[in-house]
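This report refers to the structure that appears directly beneath it.
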Amino acid sequence: MAAALGDASIHHGIEQVPAEHGDTSMIDEFELVLDAAEQEIDEFELVDGFQLVPEHHQLAEMFGDTAAAAHDDISIDYVHDDTATAIQAAVQVQPGGDDVVVEGAAHGDTPIRDEIPGVVHPVASYIAEGLVEVPVQSVWQWNYLKMFKIVHDALCLPHRRIYIAFDFEFAADAFTDVRYWPKCTTTSYNKLCRLVNGGDVVQMGIAFVFEDGVEEAPTITAIALEINFDFSEESREYNRDSIAFLSDHGHRLMEHKDIGVLPQMVYTGLLSRLPFGNSSVTWIAYHGDYDTGFFLRLLQGGGSGRSYLPHELTTFMHQMRVHFPTFYDVRVLGQLVKDGFSGKLIDLADFLGVEIDGNNHHAGFDALLTMACFFKIVSTIPDHQLYRLDAREGLLAGIAECSEAIKDALHIDEYTSSFEVIKVFQENFSKEAKRIEELVLSNFNIIGVEVAHHWEKNRDSTQVIIVTFMNSEGMLAYGCVWEFCISFTQADGDYLHPRQFTRLMASCGSMSNPTASWVTFHGSDTIASLIKTFSATQDLPTDWPSYIEQQRAYFPNMYDVAMIAQSYPDPTRCKGGLFDVARALGLEFIEDNNLVTRVLLTLRCYWRLAERDDFLHIASAVQGLLMENCCWSCPANRSLVEDA
């Protein structure tokens, strides 16, 4: 059972609210009821691996005659031939030849043929098709204990993979302009905060897919719930368009008022038990900005509604990554199968040929349809292009579609002159820092870097750090390269202080982050210079082990392209410099020792090497290793001296 909320505690990575944030007596009483109900539910009969729903007399004993009568009203959804059928769809996958055979499907054994050209993930395609058979279970006061128990029992079993799709239907307050369309990430997040912090959840849909067994013949179990929250449109003033939208799509709001489930009960009985913070669990939503916002608000407030989203987008994105470390927005993934896609869920489903019976804009149906579309899209992506998923992992459609970093991104193979070089001094540091802070969280997490020192008359030593951010598809954020001008003297008003650069790299998530990859060429001097910058006034460690420890603390994921190239047995082998590797890889370039040009060419070489099938194996073998410069005349080792 979830711990009582008298003291703050951590459960599945979620901080539970202390007693002063709400009345815990109701929660404690609920847990006692849930314990007793679980004992009753444990006695339900299992037939052929399916969990049976309770009989009428059991419901009457547990919840009273009213609940039993309500059970009779909706039992047509899952009662067949006078016996209760599965509320979980458990099926066995046995690939054979060109077909994927489904055993135990609701309408008999049906072979499903993969008809999409280029499919390399037949199991993913099968799951998309098999989800058509999964019934969406409505959850109200009279049956929420039983439904949550089924999910809890499934989560307690060991699984090879877990996928969870979610959707929320909600009502905005009267002061939220639901028709306002934001134009940038800042205004997009401001609207998100306004709507989520002022709104209330009406319905939550959540669909689970559990994959077990061996890779060749996995067993797939699916559960889909539509949780109807306690909600009264008369409790306070709501946006009338929002209420009308719910009513027009068939939501019976009076029933929510009478037999809806309290948010605290949803949190204690279900949400507090979900595997948040587990990177092996894949979370899925469609246009998930508001869904994720309401989810986080429920989690942080323990269902009390007394918590609010953070003021800053970057803080929100960090919280999202903590709770949902592997997350995909299917609207973003829709661009993988249809260029420029930005339509509705039902439009994407029609395009993919996914058909599920149900009502659009009902949370359970939308969650299940979102799950099916996710697997259908994944099934069309060849193994050697899975990096396209990586570039979109963790992105939210609404914010991503407003992001200038994404919209203005250029591919690394563009002409060097196409990229904008921005010199960063004190006067424009705040503006550029604001742009950079969101990049790693937007999957621009491959960071190309070069460092050079300058000496000028009447000025102490200054440093130029060239940085650019690339995603796994080879796109450079904003189409920009930044040139940070740094001085180690406090009195130098034009140049940045090392601490400013260090704080920026830390706040954007590029430092001490294993998901961020730093890429250099002959990078021993560059990395040593960066460590010196990060340490500000401190000298580098005098012994080698201490230096390596510090290096790995700052750069847990670091690659020297020279080391990667040298590890290949073919002509890619380094013969002394960046230009040699670029020529061996067949790249067209201008031999220019300008630092910006070198950073871009280094990333081009890295990108070309990353396209090889054996890249991950070779790169992982040299991860964290740096090569000394081939000769003292190499530009990467040469200090640039400017004489006035």
Side-chain angles (χ1 to χ4, degrees), residues 51 53 63 67 70-71 73-79 84-89 106 131-152 154-155 163-171 199-209 221-231 245-263 265-267 269-271 273-274 283-288 290-292 294-295 298 303 330 345-346 349 354-374:
Q51 174 74 50
V53 299
F63 305 102
H71 168 264
D73 289 341
I74 69 163
S75 62
I76 189 172
D77 291 338
Y78 49 87
V79 173
T85 59
I87 66 171
Q88 300 181 35
L131 289 175
V132 173
E133 307 293 347
V134 178
V136 177
Q137 301 300 317
S138 293
V139 180
W140 298 92
Q141 282 183 15
W142 60 268
N143 69 342
Y144 72 96
L145 295 172
K146 171 175 65 69
M147 294 300 177
F148 293 170
K149 173 69 164 59
I150 292 168
V151 173
H152 181 236
L155 289 170
Y163 304 87
I164 305 175
F166 59 91
D167 181 80
F168 286 83
E169 299 299 326
F170 48 84
D200 286 317
V201 175
V202 175
Q203 194 177 70
M204 176 185 182
I206 189 162
F208 300 85
V209 167
T221 303
I223 304 171
L225 303 182
E226 188 168 84
I227 307 168
N228 298 283
F229 277 57
D230 176 64
F231 174 81
F245 178 86
L246 293 169
S247 299
D248 291 344
H249 285 87
H251 289 272
R252 299 170 296 187
L253 298 182
M254 287 302 297
E255 293 187 23
H256 286 264
K257 178 182 177 182
D258 295 334
I259 56 172
V261 186
L262 290 172
M265 305 313 182
V266 177
Y267 173 81
L270 178 65
L271 303 188
R273 301 161 179 239
L274 298 183
W283 297 84
I284 305 161
Y286 189 90
H287 206 310
Y290 302 122
D291 305 293
T292 306
F294 277 110
F295 213 151
L298 280 172
V330 174
L345 172 60
I346 198 69
V354 175
E355 295 183 8
I356 294 179
D357 291 335
N359 296 318
N360 191 24
H361 292 296
H362 282 243
F365 168 79
D366 285 353
L368 189 61
L369 188 60
T370 296
M371 181 81 81
C373 289
F374 168 78

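For the numbers below, each heavy atom of this structure counts, side chains included, while hydrogens, waters and symmetry mates do not.
Counting heavy atoms from C-beta outward, Asp167 and Tyr286 have side chains that stay 4.5 Å or more apart. Within the 4.5 Å cutoff, side-chain heavy atoms of Ile227 are placed close to those of Leu270. Counting only heavy atoms from C-beta outward, the side chains of Val151 and Ile206 never approach each other to under 4.5 Å. Side chains of Phe166 and Asp291 form a contact here, defined as non-hydrogen atoms less than 4.5 Å apart.
Rounding to the nearest 0.5 Å gives a distance of 14.0 Å between CD of Glu355 and CG of Leu131. Between the CD atom in Gln203 and the CG atom in Leu225 there is a gap of 11.5 Å [rounded to 0.5 Å]. For the atom pair OG1 (Thr292) and NE2 (His287), the distance works out to 11.5 Å, reported to the nearest 0.5 Å. Of the inter-residue distances, the one linking Ile259 atom CD1 with Trp142 atom CH2 reads 8.5 Å to the nearest 0.5 angstrom. In this structure, CZ in Phe229 is found 5.0 Å from CG in Leu298, a value given to the nearest 0.5 Å. Atom CD in Glu226 sits 11.5 Å away from atom CE in Met147 (nearest 0.5 Å).
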Q. What's the verdict on ring-ring contact (aromatic ring centres under 6.0 Å, His included) for Phe295 and Phe168, showing C-alpha distance, side-chain angles and the deciding distance?
A. CA-CA 8 Å; Phe295 213 151; Phe168 286 83; 5.6 Å; yes
Could you list the donor-acceptor pairs under 3.5 angstrom formed by side chains in residues 361-371, with sequence neighbours left out?
residue: His362; atom: NE2; partner: His249; partner atom: O; Å: 2.5
residue: Asp366; atom: OD1; partner: His361; partner atom: N; Å: 3.4
residue: Asp366; atom: OD2; partner: His361; partner atom: N; Å: 3.3
residue: Thr370; atom: OG1; partner: Asp366; partner atom: O; Å: 2.7

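Between the side chain of Asn228 and the main chain of Val139, a donor-acceptor pair closer than 3.5 Å is present. Side chain of Asn143 to backbone of Trp140: a donor-acceptor contact under 3.5 angstrom is found.
Taking each heavy atom of Gln141 and Asp258 in turn, the nearest pair found is NE2-O, 3.6 Å. Smallest separation of non-hydrogen atoms from Val354 and Ala372: CG1-CB, 3.7 Å. Here the closest non-hydrogen pair linking Glu169 and Leu246 is CB-CD2, 4.1 Å. Taking each heavy atom of Phe148 and Val266 in turn, the nearest pair found is CE1-CA, 4.0 Å. Asp230 and Leu262 make their closest contact through OD2-CD2, 3.6 Å (heavy atoms, listed as atom of the first residue, atom of the second, distance).
Within a 6.0 Å sphere centred on CG of Asp248, other residues, nucleotides and ligands contribute more than 12 heavy atoms.
Ring orientation note: the planes of His256 and His251 are tilted relative to one another, at an angle of 30° to 60°.
Taking the ring-ring contact (aromatic ring centres under 6.0 Å, His included) definition, one finds that Phe294 meets it with Phe170, sequence neighbours left out. A search for salt bridge (charged side-chain N to carboxylate O under 4.0 Å, His left out) contacts involving Glu255 returns Arg252, not counting sequence neighbours.
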